[in-house]
Amino acid sequence: MVQVIKKDGSLEDYDINKVIKAVSKSAERVLVTFSDEDIEKLCNRVNGNVENLNISKVPIKTMHSIVEEALETYFPKVAKSYKDYRDYKQDFVAMLDEIYQKSQAIMYIGDKENANSDSSLVSTKRSLIFNQLNKELYKKFFLNQNEIQAINDGYIYIHDMSARRDTMNCCLFDVKAVLTGGFEMGNIWYNEPKTLDVAFDVIGDIVLSAASQQYGGFTIPECDKILSKYAQKSYDIHYNRYKSLGLSDDVCERETLKDVETEYKQGFQGWEYKFNTVASSRGDYPFIATSCGLATDKFGKMATKALLETRKNGQGKKECKKPVLFPKIIFLYDENLHGEGKQCHDVFEAGIECSSKTMYPDWLSLTGEGYVASIYKKYGKAISPMGCRAFLSPWYERGGMKPADENDQPVFVGRFNIGAISLHLPLILAKARKENKDFYEVLDYYLEMIRKLHLRTYEYLGQMRASTNPLAYCEGGFLGGHLKYSDKIEPLLKSATASFGITALNELQQLYNKKSLTEDGAFALEVLEYINKKVNQFKEADGKLYAIYGTPAENLCGLQVKQFRRLYGIIPNVSDREYVSNSFHCHVSENISPIVKQDKEKRFWDLCNGGKIQYVKYPIDYNKEAFKTLVKRAMDMGFYEGVNLALSYCDDCGYSQLDMEVCPKCGSKNLTKIDRMNGYLAYSRVKGDTRLNSAKMAEIKDRRSM
């Protein structure tokens with residue numbers, strides 16, 4: 001009889017079933033399933049090695065070594081999982097010490113990695129500390145050593161490591177599908193709303209609940225069309241009430257329309273209150289966006305106008321109103337609807353008025369050039385961005401990645417992304433030069449690494465149960481989302497995208513030949529074309545919807561400079577500033593006109609179809625006609641265009657102007673400032689203090705063309 005000497009010195013009879021249980025758990029962690037033959041093979045090797053020891057008492061460390069040897073022989077992937085888990089106590093000492101240090105900084109200093117998180121709040125501090133732990137667990141149990149080395153050096157950046165093990169990323173949530181016929185949320189049955197004001201309340205509940213179960217952007221696509229149905233219900237109720245009072249048809253119509261418009265304005269105001277004050281389970285304010293502008297019926301048009309007017313008027317004390325940040329508003333522009341003299345030109349004018357005062361809405365061209373417009377012109381389907389800039393690749397109703405025939409239709413609403421991983425292109429070029437290797441050989445290595453990470457993520461998330469996000473997976477929020485609570489979500493992942501991000505294209509060009517994107521850009525264009533070709537090959541081989549993403553580097557813009565300096569020092573126009581350029585944009589300090597910036601960035605536009613936005617700084621002090629000219633030019637070019645101003649508001653007297661450090665009216669420094677973070681807006685100052693990191697603030701200070 002063989003016995004095992006445990007860590008505490010006690011003895012326990014050797015039991016091969018305990019070995020089977022342990023190795024099976026290790027296999028599950030790396031998504032490996034053992035067959036009966038596999039188990040038998042492992043057991044025979046372990047039993048044989050125990051017998052060969054020819055001793056009656058085996059130390060537990062020896063047993064672990066025997067099991068590891070057997071796994072290494074037949075299943076090296078599982079062997080690593082087994083060893084990592086066995087050593088977790090030792091590793092956790094160092095890990096928890098690091099987390100403790102970071103938690104102290106969060107508790108007493110705060111955190112500015114995410115502008116949507118108010119780290120002064122207790123709930124946010126708790127979430128940030130948990131996120132640090134979850135991030136370390138992800139690195140420990142999901143990544144291999146080469147991947148950890150790559151992210152530590154900075155050659156790749158895995159976005160949102162604190163959430164990637166738990167859930168999915170940005171989405172176009174199908175609010176309409178959830179509402180229709182009613183749904184269950186939190187063990188309560190919600191009947192479908194019978195009035196517009198109730199619809200606003202219920203949609204607000206849906207959004208806050210579902211957005212808390214994911215990370216990244218959460219978009220309500222075409223809210224004007226969704227709400228129009230419930231506006232009609234309210235209209236019928238109000239009209240019949242007025243009619244019952246014996247009023248004339250004209251009076252009934254006039255008063256009813258007033259009531260519906262009031263419900264719209266109150267409803268959108270309610271959204272602005274909810275979406276800017278209720279933090280998610282992650283401790284941040286969920287990045288909620290909504291698109292609008294295509295509805296042509298009277299209630300749909302009324303919805304868009306009311307949304308824009310509510311945003312333009314702002315929230316706050318009567319004398320100190322200012323625009324809120326959420327929801328981000330995306331105007332879906334169709335020249336045939338919104339052009340001069342067209343059916344919805346008045347809606348377009350309302351959008352311009354709002355943009356010129358608040359920066360939102362951002363403008364998405366559906367009838368210009370490029371991918372998004374081509375889908376709209378062919379199928380009549382608008383591809384709303386998910387959050388600030390992420391776009392979905394087509395997924396067809398019957399054919400999947402490719403249309404089954406000419407009648408097959410693409411589906412976008414109800415789909416999502418599973419995460420983004422970005423390349424640090426200047427760092428990769430510097431590495432290739434230092435090691436005398438071909439740049440594309442080194443780039444291929446990291447592209448392949450990202451590919452494998454995405455494949456593991458698809459596989460890992462597929463094992464999650466539908467109960468983790470019931471509104472999405474069980475109540476129809478996602479495409480195919482009518483699963484049972486206990487079902488795995490794997491079937492829903494087939495239409496999900498995964499993103500290969502790119503940053504610092506300007507610095508790549510600078511490192512290559514000491515010229516900016518404004519001066520040259522040929523090498524940067526060549527690299528981006530190469531990445532597209534490579535990722536398309538991966539897409540065909542793997543059957544996955546990979547996409548190229550112009551990364552919105554918030555905290556990353558400063559981190560990548562530090563990473564570059566650590567390995568390759570300070571190089572002029574590459575790593576001599578606190579930040580690198582966002583995505584494929586010209587450098588913010590370039591003294592170029594909005595038109596030149598649009599033209600220079602157009603080259604890269606169709607090479608980042610998984611996520612992109614174009615924006616320019618408007619140094620024109622609320623000049624509505626100039627806004628209109630530049631927006632229409634962007635729409636002709638097929639852009640997703642952002643208006644960029646520097647909005648400043650005095651919190652003491654309410655005075656506002658485009659940029660100020662001290663209120664010229666009352667002398668106060670108690671200001672709120674709103675700047676474009678990347679593809680979205682953020683508070684660069686709140687009551688005199690900033691929520692943005694120092695690198696992003698340095699970038700904002702240097703802005704001339706952005």
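Since the structure is predicted, the reported quantities are computational estimates derived from the model, not experimental observations.
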Verify ring-ring contact (aromatic ring centres under 6.0 Å, His included) between Tyr285 and Phe275, making sure each step is shown before the conclusion.
CA-CA 7 Å; Tyr285 299 113; Phe275 299 160; over 10 Å; no
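- Listed by chain and number, the residues in a ring-ring contact (aromatic ring centres under 6.0 Å, His included) with His159 are Tyr157 (sequence neighbours excluded).
- Atom CG of Leu332 is separated from atom CD of Glu222 by 5.5 Å, given to the nearest 0.5 angstrom.
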Begin with the C-alpha distance, continue with both residues' side-chain angles, and end with the deciding distance and a verdict on side-chain hydrogen bond (donor to acceptor under 3.5 Å, both in side chains) for Tyr138 and Arg164.
CA-CA 8 Å; Tyr138 175 82; Arg164 290 174 63 93; 3.3 Å; yes
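- Residues Glu263 and Ser234 have side chains that bring a donor and an acceptor to within less than 3.5 angstrom of each other.
- With 3.5 Å as the limit, one finds a donor-acceptor pair spanning the side chains of Gln232 and Asp236.
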Give the C-alpha distance, both sets of side-chain angles, the deciding distance and a yes or no for side chain to side chain contact (heavy atoms under 4.5 Å, CB included) between Ile531 and Leu423.
CA-CA 10 Å; Ile531 293 171; Leu423 296 155; 4.0 Å; yes
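- Ser81 pairs by the side chain to side chain contact (heavy atoms under 4.5 Å, CB included) definition with Ser26, Arg29, Val30, not counting sequence neighbours.
- Note: Ser495 OG to Leu392 CG = 8.5 Å, rounded to the nearest 0.5 Å.
- In this structure, Tyr460 has its ring center closer than 6.0 angstrom to the ring center of Phe142.
- Applying the side chain to side chain contact (heavy atoms under 4.5 Å, CB included) criterion to Lys488, with sequence neighbours excluded, gives Gln463, Arg465.
- A donor-acceptor pair shorter than 3.5 Å cannot be found between the side chains of Asn417 and Tyr549.
- Taken to the nearest 0.5 Å, the OG1 atom of Thr497 stands 9.5 Å off from the CE atom of Met168.
- In this structure, CD1 on Ile188 lies 7.5 Å from OH on Tyr190, to the nearest 0.5 angstrom.
- Under the 4.0 Å criterion applied to side-chain N and carboxylate O atoms, Arg415 and Asp174 are not assigned as salt-bridge partners.
- Heavy atoms only, all atoms of each residue included: Ala498 and Ile418 are closest at CB-CG1, 3.8 Å.
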Solution key, residues 469-487 side-chain donor-acceptor pairs under 3.5 Å, sequence neighbours excluded:
residue, atom, partner, partner atom, Å
Asp487, OD2, Lys484, N, 2.9

Do any side-chain atoms of residues 405-414 form donor-acceptor pairs under 3.5 angstrom with protein atoms, and if so which ones, sequence neighbours left out?
residue, atom, partner, partner atom, Å
Asp405, OD1, Arg398, NH2, 2.9
Asp405, OD1, Asn407, N, 2.9
Asp405, OD1, Asp408, N, 3.1
Asp405, OD2, Arg398, NH1, 3.0
Asp405, OD2, Arg398, NH2, 3.3
Asp408, OD1, Glu397, N, 3.4
Asp408, OD1, Arg398, N, 3.0
Asp408, OD2, Arg398, N, 3.4
Asp408, OD2, Gly399, N, 2.7
Asp408, OD2, Ala404, N, 2.8

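- In the model, Asp334 has a side-chain atom that pairs as donor or acceptor with a side-chain atom of Tyr376 under 3.5 Å.
- In this structure, the separation between CG on Asn313 and OG1 on Thr310 is 7.0 Å, given to the nearest 0.5 Å.
- With no hydrogens or angles considered, no side-chain donor-acceptor pair links Asn169 and Asp160 at under 3.5 Å.
- Cation-pi check for Lys534 over Tyr546 is not met; the charged atom does not lie both under 6.0 angstrom from the ring centroid and within 45 degrees of its normal.
- Under the 3.5 Å distance criterion, with hydrogens and angles disregarded, a donor-acceptor pair is assigned to the side chains of Thr551 and Ser422.
- Aromatic ring centres of Phe287 and Tyr680 lie closer together than 6.0 Å.
- Taking the centre of each ring, Phe538 and His454 stay at or above the 6.0 Å mark.
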In residues 360-367, what donor-acceptor pairs under 3.5 Å come from side-chain atoms, sequence neighbours left out?
residue, atom, partner, partner atom, Å
Tyr360, OH, Leu681, N, 3.0
Asp362, OD1, Arg676, NH2, 2.7
Asp362, OD2, Lys328, NZ, 2.3
Asp362, OD2, Arg676, NH1, 3.3
Trp363, NE1, Ser355, OG, 3.0
Trp363, NE1, Pro361, O, 3.1
Ser365, OG, Gly368, N, 3.0
Ser365, OG, Met635, O, 2.7
Thr367, OG1, Glu335, N, 2.9

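- Rounding to the nearest 0.5 Å gives a distance of 11.0 Å between CG of Asn187 and CE of Met185.
- Note: Phe391 and Tyr640 have perpendicular aromatic rings, judged against thresholds of 30 and 60 degrees for the angle between ring planes.
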